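Just so it is clear: chains get the letters A, B, ... in the order the sequence lines come, proteins before strands, and each one is counted from 1. Not measured: the values here are computed from a predicted model.
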6 protein chains.
Amino acid sequence: MVPVLAIDAIVRRALDEDLASGDLTTEACIDPEASAVARAVARSPIVVCGGPVLAHVFAAIDPGVRVEANVADGTHVQAETTLLTLRGSARSILMGERVALNFVQRLSGTATLARAFVDAVPPQASTRISDTRKTTPGLRVLERYAVRVGGAKNHRDNLGAAILIKDNHIAACGGVAQAILRARAHAPHTSKIECEVDSLAQLDLALGAGVDIVLLDNMDTETIREAVRRTRRKAVTEASGGITLERVPELALAGVDVISVGALTHSAPAADIGFDFE
Amino acid sequence: MVPVLAIDAIVRRALDEDLASGDLTTEACIDPEASAVARAVARSPIVVCGGPVLAHVFAAIDPGVRVEANVADGTHVQAETTLLTLRGSARSILMGERVALNFVQRLSGTATLARAFVDAVPPQASTRISDTRKTTPGLRVLERYAVRVGGAKNHRDNLGAAILIKDNHIAACGGVAQAILRARAHAPHTSKIECEVDSLAQLDLALGAGVDIVLLDNMDTETIREAVRRTRRKAVTEASGGITLERVPELALAGVDVISVGALTHSAPAADIGFDFE
Amino acid sequence: MVPVLAIDAIVRRALDEDLASGDLTTEACIDPEASAVARAVARSPIVVCGGPVLAHVFAAIDPGVRVEANVADGTHVQAETTLLTLRGSARSILMGERVALNFVQRLSGTATLARAFVDAVPPQASTRISDTRKTTPGLRVLERYAVRVGGAKNHRDNLGAAILIKDNHIAACGGVAQAILRARAHAPHTSKIECEVDSLAQLDLALGAGVDIVLLDNMDTETIREAVRRTRRKAVTEASGGITLERVPELALAGVDVISVGALTHSAPAADIGFDFE
Amino acid sequence: MVPVLAIDAIVRRALDEDLASGDLTTEACIDPEASAVARAVARSPIVVCGGPVLAHVFAAIDPGVRVEANVADGTHVQAETTLLTLRGSARSILMGERVALNFVQRLSGTATLARAFVDAVPPQASTRISDTRKTTPGLRVLERYAVRVGGAKNHRDNLGAAILIKDNHIAACGGVAQAILRARAHAPHTSKIECEVDSLAQLDLALGAGVDIVLLDNMDTETIREAVRRTRRKAVTEASGGITLERVPELALAGVDVISVGALTHSAPAADIGFDFE
Amino acid sequence: MVPVLAIDAIVRRALDEDLASGDLTTEACIDPEASAVARAVARSPIVVCGGPVLAHVFAAIDPGVRVEANVADGTHVQAETTLLTLRGSARSILMGERVALNFVQRLSGTATLARAFVDAVPPQASTRISDTRKTTPGLRVLERYAVRVGGAKNHRDNLGAAILIKDNHIAACGGVAQAILRARAHAPHTSKIECEVDSLAQLDLALGAGVDIVLLDNMDTETIREAVRRTRRKAVTEASGGITLERVPELALAGVDVISVGALTHSAPAADIGFDFE
Amino acid sequence: MVPVLAIDAIVRRALDEDLASGDLTTEACIDPEASAVARAVARSPIVVCGGPVLAHVFAAIDPGVRVEANVADGTHVQAETTLLTLRGSARSILMGERVALNFVQRLSGTATLARAFVDAVPPQASTRISDTRKTTPGLRVLERYAVRVGGAKNHRDNLGAAILIKDNHIAACGGVAQAILRARAHAPHTSKIECEVDSLAQLDLALGAGVDIVLLDNMDTETIREAVRRTRRKAVTEASGGITLERVPELALAGVDVISVGALTHSAPAADIGFDFE
């Protein structure tokens, strides 16, 4: 669920890029009175995401275009499944086709990749897959939605939503404990304090200072297992750094609470979706 | 070269996403007077892109941060190469780090992929690699720049810049020739007319109607070779649809003028770049 | 046909100029429940343009105002013809009257002047009248529409849509042919290359380099006739520079393909249109 | 004097129209290191207006371009006078040339026309020439400045700045006096109340109700003379409606305080100004 | 009556502050299909203001929420009065509750304070209570509306709507009369000229120069009485500076035309209003 | 520390309200070359806040105005203390005076009130004073800064930054524990979960479900003391609802961790600050 105001601003910018000067081809070739029916169809198996965004694209161009969602966001569909059906002015549908697909392909790509990571967690583990702030500039709110649609969870939304102490903060404060104390004194009481740790020694310092979350940065699985053992009951553990799909099961079985994956938003390939016209 | 006004609008939106409420951690942990030196470093071999965007990110946060480009956009660098060096307020550098990297990783990813496609064209061919309109919503002007930085070329910028007649336009006009005639009568005399053709028969119709560019859509290499043979001297030939890196050499040797590749902008993985602090 | 998003942004700015602080007079003098019927009436013979923009002005103020177009954009009407009829809240109609008229008078002025130039082309000629980029800052998309409504055609939309090589570009490149080659190597394959030529010698160089369009700058009719003779079949010819209505017939009969006229958008007097209330 | 924030917003929109996708020609043909000197030169006698706007255009593109005003806004110059001199990157100057000229030609056109009306007032009269709200949508603040630069004065800025009671307001209120009373009760005590009158009878009613300004709408000169005679000392008189340059002397000599002229902003032809490169 | 475009821009910014990243709690806890009925209820006696703004908040979030105004803006209500009733999606109502209340509490606070000042004017006086330009940045148009809803009147809207000469202007011009003459020569004939005077001597100078309004700055009541005596019939008198509710009766009885009160907009406490859910 | 981009957007809107049409009085009365020195002076004892915002106002109008902060934000000053000194163009200083004061008076008002609440906490208590989301629409980021400048702390920034479960959420979920479980399953692992409780019974349920913060809503001091006793070590306690300055000591001594006060931002009277010109 993304607030409609946020979708609106993003969609207007995208249409402004592609359609600000009109569509020469469609204006020349398509009768203003012609109507059409088009279907957005998956060309390969995907987790669908972006139906409401596509609907908003066409609402912004022409409120007369009716958009029906044949499957809900979050559905895992097979190739050749019809995702959405559009009925209305042929001009309007052709003018919005590319922008609409650019959104839906990208968001479905992220949702599909998120689902793959979630599905890689063994059933006996309760590990959560999370995104990061490595999102596409301008599209964060939509990509976070796509992550949730894929079954994963969100990390902090921005630099003002929670504390995440990294190595430079620690160095500037003169140590892990000092950094955590300064953060607690400054931050809203509603913000959790997370601290990146590179070693088990740092982990102990962070736990001793009452940290809420420890970010286990680029640790091997054995070290993570030990970190989880030392931490449990005192803080949330998060593994991060160079996470691949292949490594998820062993990390999850090591007992880590959260695995955060930048690739969900910075490197998901676009899902293959096209428009078929009747 | 992207107009600074365009960069500015995109950078402001990105900073608004991440920094609108300030940076809780940095404000708590870093002294306002502290200064730092940081380097953006490639973690793997890449084609660099986005230096001016990174510089603009920090200029928007704090004009006191000095950004030096150690290598120019378009350079192919090895892992561990320093790309840019920042000197200034530690707070300002930490506050902009993630947003700056989100831009540079993404743009370098596209430039690197573009270079790979360009390098796949055999030396004896003069085929041009081109992007498409399958760009990230809101980032088109930057991604088109990244494509050029990688050595490839741009397709039409938007729906108002050139004519591209697709199957639905042809159907609505009653045929290839009719569509081309309508387009020529309507479009600015400065706009080229491109027509998508699915068969050699359609190709002949388009050439007969004086088309400027033919888009050879999803054709096998043999058909493309024949299309090029029929076309040469009369129009520009462009191959499109499901182009992989592996297929570029044979398509280029088939003589096609342009190969357009949506993946350059919709599916390039982020380049691996990080900040190292002194 | 102008995308509604483009109209919306322009209309909002115009209303913001005039109505941001409300309408003191109307709020004081007109009952909130009062309704009115008003007609936009031509005070002299004009080509009508701007009906959809006027409708958008009132939709932005009060969706309850119904706007009926009595004649379509592009119609040549006599004095005292009713162009549009408005029915709804008297307050809303009075608040939007001036802004709406400012648009319709200006766009109809451009459409009327464009029609005059088009009508000046003798029937035996196929010369096209075109606008230029000498448009009113902020209103380009609407003025280009008005030009088309008047029966003329558009030139390139902006600096990124096509190549137009002028004398300074030629000088910087070291000659006409060099400039054209650089342009062709750089520009999208979808962009035509136009080159301004001041003499027949330059024309020959441009044609030799395979230019798509030649801009015959400030040439006398005899030279243009010769330029057309030398060019035909190889490029589009465009006459530009100090074009008056009186000179159109002889230029057209000289065989030039396009006559571009800056005055269509930079010096068209406003059409005389007023509101009559029932 | 126009607030720089207002200029900035207008200039950005204009550049966005023309330069959002870059300048294909200049990027292809002009070396990034090349510098140039260009002069904005009047091609015919004009009153200059828009120097600060031109300077802002180039500042927005490239702060490195230095702009020197050779003559101040408001100067009446002869043909071939250099108005402004630009020194800096050849690319930057070429990219901004058209947008800059679109502003300066338009504003100088308005200032030149305003000066002609002001000069038409005989020396023995103290009549003021005023603009109206018939301005170009989006450019009101600049056009009002051009009117002042030309020596004329401004009317109310917008619907919230002063009261202007027109025939529909009078009809809705049941009479001139009632409308004036309602306006006085409602409006800020800082706003003057103007009332349009079509006859001497209406004039008497308005004066009786203590109006501040009477708008003498479309009256012949004799009636205006009588209206001035009846009014003087009690209100400001303003003649409006179909004012031509030829009619100004007789209206001024009839003693009217203000002559308001919509054509200053809605129908001033662009001044002829061009760029000469060294 | 505030133009809907103005409300829309302000409401979007407010929602952007609070809801740009969605509502974590509501999304987690409330079923998307759940509906609710909520009432905005006064917790103490107030003058109601902001119903249309509240309605716009919910329209921007979800057009499906129906908002019914139980009492009109401007009504003086007792504690526990239902002001507005909302029916619709529980999610949408919860997401907009805080932003909507922030508007209505603030505007009702201003309207309530304005009413108190108006009610403090004795019946035998005709003194008008006016606001000032000491408004909340970004909310001027709404706060001026709240002032009117409370029964007071507005001062000039902004620096371009009327002339207000203060001590620094007088000093720069070399005297009261000179400042007024320069203002009259420069300002639109539709703008009144107000001059701040600190003494009766300055008052006489201002009246002698034909000022329209005199601002009696920080004078004691006796001086104001004398100023009114000297002024009447020649200008409007306005008392300003440190006005308290207690002082209104004696100032009004001293005969001053206008009392302007900055506190109406800069220091009105929020009215106590809450949402009750059925 | 507020990001300069956030200040910039807010300042531009404020200047747009007041200065969009220029400053008639200053343009008429002040010579463009005149310079001035002005001091912002406290008229009563206050905690200063807003120096950087005032500096930004003048930077946006005229970068030539130099602004010196005589005392830093957060300083408690006596009446007649000079806060900031401005030197530069007299026109520029007069044009920005009102808008600058509107910001500084309001922010200093909030900082002053925040300091009063902070000072009311007895030395032996470690209770934190916090703001709420009851901020002025459009000014949240500045008001949260003013709260911190006054020595208090911030609550969650917006609906997406942390979880706050209220009575309607509890009712919809079927109980306190169920609501907390749903929130924990949905929210980012970086977001704390706060739950409003109306009774000690609800408190026990919330603690049992592992809540991070309990909001003790409108409880008397005795109940709060008991709530603190039951809670300590398991969650943060926050008292809210009708908090007055007088009640702070007893609440703090009851041991509550946080007292949140809406009045800091919704009802702080403007601080009395004026400009003195040399």
Side-chain angles (χ1 to χ4, degrees), chain A residues 1-13 49-53 55-56 59-60 63 67 69 72-75 107 128 130-133 135-162 164 188-192 265, chain E residues 4-36 38 52-67 86 88-103 138-139 142:
Chain A
M1 199 176 73
V2 179
V4 68
L5 285 165
I7 296 178
D8 185 60
I10 293 171
V11 161
R12 282 173 184 264
R13 286 199 293 269
C49 185
V53 182
H56 202 94
V67 177
D73 271 15
T75 311
L107 297 177
R128 164 188 284 213
S130 160
D131 61 15
T132 67
R133 282 169 43 248
T135 54
T136 306
L139 300 183
R140 184 170 288 174
V141 71
L142 294 185
E143 291 185 341
R144 282 164 58 89
Y145 168 72
V147 163
R148 298 196 303 273
V149 158
K153 302 293 177 186
N154 297 136
H155 210 287
R156 65 173 173 164
D157 186 24
N158 56 50
L159 292 169
L164 176 42
H189 63 284
T190 54
S191 294
K192 280 196 183 165
T265 53
Chain E
V4 69
L5 286 165
I7 296 178
D8 185 60
I10 293 171
V11 162
R12 282 173 184 264
R13 285 199 295 269
L15 288 171
D16 193 52
E17 281 182 338
D18 204 39
L19 194 56
S21 309
D23 177 347
L24 291 176
T25 316
T26 296
E27 191 167 355
C29 296
I30 307 293
D31 187 75
E33 308 307 322
S35 64
V53 181
L54 178 143
H56 201 95
V57 167
F58 289 101
I61 292 174
D62 173 1
V65 175
R66 279 166 301 127
V67 177
L86 296 90
S89 151
R91 280 193 167 186
S92 300
I93 293 175
L94 286 165
M95 286 164 71
E97 177 184 3
R98 183 70 266 143
V99 168
L101 282 174
N102 282 352
F103 277 113
L139 300 183
L142 293 185

**Q** If I measure from the heavy atoms of chain E, does A:Asn154 come under 4.5 Å with its side chain, its backbone, both, or neither?
**A** neither
**Q** State plainly whether the residues E:Asp8 and E:Arg12 are in salt-bridge range, i.e. N to O under 4.0 Å.
**A** yes
**Q** Under the 3.5 angstrom rule, does the side chain of A:Arg133 hit a backbone N or O of A:Arg156 as a donor-acceptor pair?
**A** no
**Q** Where the side chain of A:Thr136 meets the backbone of A:Leu139, is there a donor-acceptor pair that is under 3.5 Å apart?
**A** no
**Q** Can you tell which part of E:Ala60 gets under 4.5 Å to a heavy atom of chain A, answering side chain, backbone, both or neither?
**A** both
**Q** Under 3.5 Å, is there a donor-acceptor pair between the A:Thr265 and A:Asp131 side chains?
**A** no
**Q** Given heavy-atom pairs under 4.5 angstrom as the criterion, report whether the side chain, backbone, both or neither of E:Leu19 touches chain A.
**A** both
**Q** Report which part of A:Val2 has an atom under 4.5 Å of a heavy atom belonging to chain E: side chain, backbone, both, or neither.
**A** neither
